[in-house]
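What follows is a single structure, written as structure tokens, with notes after it.
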There are 2 protein chains.
Amino acid sequence: MSEFDLIDRFFNRPSLRSPLGVGDDCALLQPAPGMQLAVSSDMLVEGRHFLSTVDPFRLGHKALAVNLSDLAACGARPLAFTLALAMPRAEAKWLEPFSRGLLALADAHGCELVGGDTTRGPLNICITVFGEVSQGQALLRSGARAGDDLYVSGTLGDARLALEVFRGTLSVPAPVFDAARLRMEQPLPRVALGQSLLGIASAAIDISDGLLGDLRHILRQSNVGVRLDTAAACGLMACTRPEAPGGAFALDGERQLEYVLAGGDDYEFAFTAPPARRDAVQAAAAQAGTPVTRIGRIEAEPGLRLVDATGERLERHYTAFDHFA
Amino acid sequence: MSEFDLIDRFFNRPSLRSPLGVGDDCALLQPAPGMQLAVSSDMLVEGRHFLSTVDPFRLGHKALAVNLSDLAACGARPLAFTLALAMPRAEAKWLEPFSRGLLALADAHGCELVGGDTTRGPLNICITVFGEVSQGQALLRSGARAGDDLYVSGTLGDARLALEVFRGTLSVPAPVFDAARLRMEQPLPRVALGQSLLGIASAAIDISDGLLGDLRHILRQSNVGVRLDTAAACGLMACTRPEAPGGAFALDGERQLEYVLAGGDDYEFAFTAPPARRDAVQAAAAQAGTPVTRIGRIEAEPGLRLVDATGERLERHYTAFDHFA
């Protein structure tokens, strides 16, 4: 299979947005008048971001999902993406499900593959995604103000639980593992939520490197601090809830706290909004079909303060995820 | 060195075009009214696109140059780029010259680093570059017409000569090798030429996969053929010219023909223009400071016809560069 056969067979589709289609070296994009183009780029490396045994369909989905999540957190509507793919071999049995998973998610969000590159090399997937957002409306990290509420979307910590089972540090019943593994391998980017929070949230970020690690970017860029209710946060772990498959799983409390606060690989948002906008936040969440939970309050004093259900300070130190630490 | 230290130290600079700067997960771009955004993505893998021993400064330059070349061939003006970088280790002694080479070329073209990703993994450099071009004006592959002249920019085949010296199939004097190696390791993208050919050229393509291989895309997408003067093409090899460092190097004629027609790694353009625009083509080339040479003529009959200086047909078959052949 040649490079161009490969593109034609697995990645070429009728073009809507790009006048040139996939396979040209250059794609042309046209944001609507008054719109800014939002751009995000993420690279997934085998053994680092995914296991070599992962289902290629799920991997194709995830490669785009992690990029859409970054785009979504600034409130942009997805338009198009490029895919640069290095592979040791061009094998249909891998490319077929990979492209199917990738393009199914792309179709679900009307996000068109407009170009890229394929080459031989250690498996590496680099996607750059483009979206549009009204000029000056994008959700930034710098807009949080003292008094704002802190929210998190969806659920947190289950992807880390699945990773620890793979690592062998934890053993859980099969239904718990299967649900957690799906969260890790096929995350749903919060595309609708980002757009519905435009004009309501004061700051937002994708927390894929862990809640506390990514929250620090909002605190630093907004020059504020936060008081975070760990009891509310702990309730965010899906597998510990009564409605989980197989019922609530009782995880050790310290592990639960760590997975929720610093687990990583959760493609959810942390965002802030003024208390006067609580109803608007809940309406936006309902419109997007994504639950959001209030877990803290922004304060003028810089720093991160964890408190328990009674308001007592907790001292915990987690290592933020860092590729080069 | 942490991931964020690394970004701050080597890649963060005052931002002009992106309101968010490097380090945010999402960059915002604003094409001017009436302009389309041109997008190109290329991935460079160690051992495949460059040798592990290459000077990191030159590698940084080349990683951006190969992307700018694709953008230039459609006539776009560079605006910005993202860099996704996988490395086995974060080492200042490599990152310092790499970022210097990368950003020096970026500055020379007013092309701003607006975002990206860094991760641990086998060395892999994925750049996505953005430029703008007036709506409907981009140079495409589909515009060549029977009767048009075929041109090539700059010189061809010297990068392949350097590669063959590295491979040990050829031995050349040191000044010949040094000049050819510079062409291979630090190519100059023809950014000014692309823009000056807007409204003059009927079709254009970057011929980095080899002249004949890439020319085929123009022929197929324009539904035409070409008669190519191999004698004119052979004169394009810089090291065989009297003005070359150390004087004209006499290369075996068949090798010379192969390196020029199918050498690869030449970041030059093949482009077509009507004979009535010959003066305009030369004026555009002079304005861009890039010589261009007429080497053939587009014909209605599909296919590629090589002829020698006397007009006799030559039969040669070269393997086009293909990462998965």
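Below, chains carry the letters A, B, ... as their sequence lines are ordered, and counting in each starts from 1.
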Exercise. Report yes if the side chains of B:Val39 and A:Val114 come closer than 4.5 Å at any heavy-atom pair, otherwise no.
Key: no
Exercise. Output all residues satisfying ring pair (Phe, Tyr, Trp, His ring centres under 6.0 Å) with A:Tyr267, sequence neighbours left out; order by chain, then residue number.
Key: none
Practice problem: Quick one: closest heavy-atom pair of B:Gly121 and A:Val45, and the distance? | Solution: CA-CG1, 4.0 Å
Exercise. Decide yes or no on side-chain contact (heavy atoms from CB on, under 4.5 Å) for A:Thr128 and B:Phe81, but give the supporting numbers first.
Key: CA-CA 11 Å; A:Thr128 304; B:Phe81 69 106; over 6 Å; no
Self-check item: Under 3.5 Å: donor-acceptor pair, side chain of A:Asp117, backbone of B:Met43
Solution: yes
Quiz item: chain A heavy atoms under 4.5 Å from B:Ala38: which part of the residue, side chain, backbone, both or neither?
Solution: both
Quiz item: Are B:Leu28 and A:Leu37 close enough, and set up right, to give a side-chain contact (heavy atoms from CB on, under 4.5 Å), and what steps lead you there?
Solution: CA-CA 5 Å; B:Leu28 296 173; A:Leu37 206 76; over 6 Å; no
Self-check item: Pairwise distance CG(B:Leu83) to OG(A:Ser41) - rounded to 0.5 angstrom
Solution: 8.5 Å
Quiz item: Does any heavy atom of chain A fall under 4.5 Å from the side chain of B:Val129, the backbone, both, or neither of them?
Solution: neither
Quiz item: Just how far is it from atom CZ of B:Phe130 to atom CG of A:Leu29, taken to the nearest 0.5 Å?
Solution: 9.0 Å
